[in-house]
Amino acid sequence: MSAQVIDGKAFAAGIRDKVAAHVARLTADHGITPGLAVVLVGEDPASQVYVRSKGKQTVEVGMNSYEHKLDAATSEADLLALIARLNADPAVHGILVQLPLPKHLDADLVINAIDPAKDVDGFHISNVGLLGTGQKAMVPCTPLGSLMMLRDHLGSLSGLDAVVIGRSNIVGKPMAQLLLGDSCTVTIAHSRTKDLPAVVRRADIVVAAVGRPEMVTGDWIRPGATVIDVGINRIERDGKTVLVGDCHYDSCAAVAGAITPVPGGVGPMTIACLLANTLTACCRANGLAEPEGLTA
Ligand code: NDP
């Protein structure tokens with residue numbers, strides 16, 4: 001068997017098109033343009049690349065992008081004051097603080113200072129609680145994108161066995177909540193899980209969010225299972241730096257029914273879902289109908 005490739009790049013382009021069309025209608029009919037503020041503290045090169053890419057895609061779908069680049073030595077008080085200003089600014093519908101923050105800043109304190117209605121990353125404790133109790137929340141972008149791809153590929157997820165490898169607050173835990181919300185039977189595996197290959201072999205859906213290059217191999221995969229590879233790992237191979245996922249692509253693709261590649265799978269979905277969340281936040285803030293198919 002050779003797995004169907006789930007093309008995240010094409011899927012993400014479709015989401016951006018939907019967002020752009022909805023934004024154009026909002027602006028034309030209501031004179032409202034969604035705005036996303038991105039706050040970057042310090043000069044981490046990977047974060048700079050992400051922030052540039054977010055800003056560019058925000059503008060491309062017709063939204064306003066506000067970038068706030070702060071010095072690495074910025075005090076917590078100054079950062080919190082900026083967040084308070086963005087919370088109060090009616091032109092800003094989404095606020096994202098790029099992580100990781102420099103060590104002297106308390107990331108939990110900073111994230112929890114964002115107005116939950118503008119928390120487009122879905123990391124605020126209120127949104128975590130809303131998602132956990134099945135209420136309308138802002139949902140973290142990477143798990144949301146993974147869920148969209150699963151729904152698109154499988155239709156109903158009800159009753160399927162899902163194994164999520166990884167229990168981070170950013171990916172693993174919200175992914176498990178979303179799958180539970182879609183009535184999967186969910187197992188969350190982590191570094192202490194006993195006989196991980198046997199646990200994974202039970203799954204109709206495998207979501208790997210570990211950060212270990214090519215850890216999941218084809219002999220762990222149940223024939224026909226759907227594999228969502230969240231991992232992004234840079235490794236040296238044949239003298240070149242290459243990106244690989246947490247799944248060994250060739251051996252998993254030989255057994256799975258469908259699989260997301262790395263790059264070009266979950267990665268592009270994350271920013272597309274950030275734009276979708278910003279649009280959703282803007283519609284909610286203005287009491288307007290939310291876009292269909294762009295939320296959990
Ligand atoms: P974290 O490091 O926060 O979490 C990793 C999780 O994997 C932990 O729960 C850890 O378990 C578990 N783990 C580590 N080693 C093993 C092992 N040997 N067996 C089983 N479980 C293990 O990572 P993130 O969740 O932030 O990210 C995971 C991956 O996803 C990374 O490669 C990251 O780059 C990528 N990523 C991709 C995104 C995208 O846009 N596509 C966005 C965000 C992340 P324990 O809790 O026991 O330590």
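Values reported hereafter were calculated over all heavy atoms of this structure, with side chains retained and with hydrogens, waters and symmetry mates removed. Each ligand, and each atom within it, is numbered from 1 in the order the structure gives.
Closest protein heavy atom to atom 36 (N) of ligand 1: V230 O, 3.7 Å. Remark: minimum distance from atom 44 (C) of ligand 1 to any protein heavy atom is reached at V171 CG2, 3.9 Å. Atom 17 (C) of ligand 1 has as its closest protein heavy atom M215 SD, 3.8 Å. Regarding atom 19 (N) of ligand 1, its nearest protein heavy-atom neighbour is L196 CD2, 3.8 Å. From the protein, the heavy atom lying nearest to atom 48 (O) of ligand 1 is S191 OG, 3.6 Å. Looking only at heavy atoms of the protein, atom 42 (C) of ligand 1 is closest to T142 OG1, 3.3 Å. What sits closest to atom 46 (O) of ligand 1 on the protein, heavy atoms only, is R167 NE, 2.7 Å.
Using a 4.0 angstrom heavy-atom cutoff, M269 does not count as in contact with ligand 1. Using a 4.0 Å heavy-atom cutoff, A189 is absent from the residues neighbouring ligand 1.
Contacts with ligand 1 closer than 4.0 Å are made by heavy atoms of both the backbone and the side chain of V210. At a heavy-atom cutoff of 4.0 Å, ligand 1 is contacted by no atom of T193, backbone or side chain.
Transitive grouping of hydrophobic side chains (ILVMFWY, heavy atoms separated by less than 4.5 Å) keeps M138 and I111 in distinct clusters.
A salt bridge between K56 and E60 is present, with a side-chain N of the basic residue lying under 4.0 Å from a carboxylate O of the acidic one.
E290 and T280 share no donor-acceptor pair across their side chains, judged by distance under 3.5 Å alone. K54 and Q98 are linked by a side-chain donor-acceptor pair at a separation below 3.5 angstrom, with hydrogens and angles left out of the test. A donor-acceptor contact under 3.5 angstrom links the side chains of T270 and T142, judged on distance only.
The atoms of ligand 1 that sit less than 4.0 Å from any heavy atom of V266 are 41 (N). Taking every non-hydrogen atom of G166 and a distance limit under 4.0 Å, the qualifying atoms of ligand 1 come out as 6 (C), 7 (O), 9 (O). Remark: ligand 1 atoms within the under-4.0 Å shell around heavy atoms of G267 are 41 (N). Those atoms of ligand 1 that come under 4.0 Å of a heavy atom in N233, given as number and element, are 32 (O).
Under the 3.5 Å distance criterion, the side-chain polar atoms of K69 are left unmatched by any main-chain donor or acceptor of E43.
Between I232 and ligand 1, at least one N/O pair is under 3.5 Å apart. Any N or O atom pair closer than 3.5 Å counts here, and T270 shares at least one such pair with ligand 1.
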Output, in order, the C-alpha distance, side-chain angles, deciding distance and verdict of side-chain contact (heavy atoms from CB on, under 4.5 Å) for F123 and V128.
-> CA-CA 6 Å; F123 297 159; V128 175; 5.8 Å; no
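Heavy atoms from other residues, nucleotides or ligands lying under 6.0 Å from CD of E292 number 12 at most. The number of heavy atoms from other shown groups lying within 6.0 Å of OH (Y66) is above 12.
In this structure, L130 and K136 approach most closely via the heavy-atom pair CD1-O, 3.5 Å. Heavy-atom minimum distance, V97 versus D121: O-OD2, 4.3 Å.
Nearest residue to atom 25 (O) of ligand 1 from P268, G172, S168, G211 is S168 (criterion: closest heavy atom). Across H190, M175, R212, K173, heavy-atom proximity to atom 20 (C) of ligand 1 is greatest for H190.
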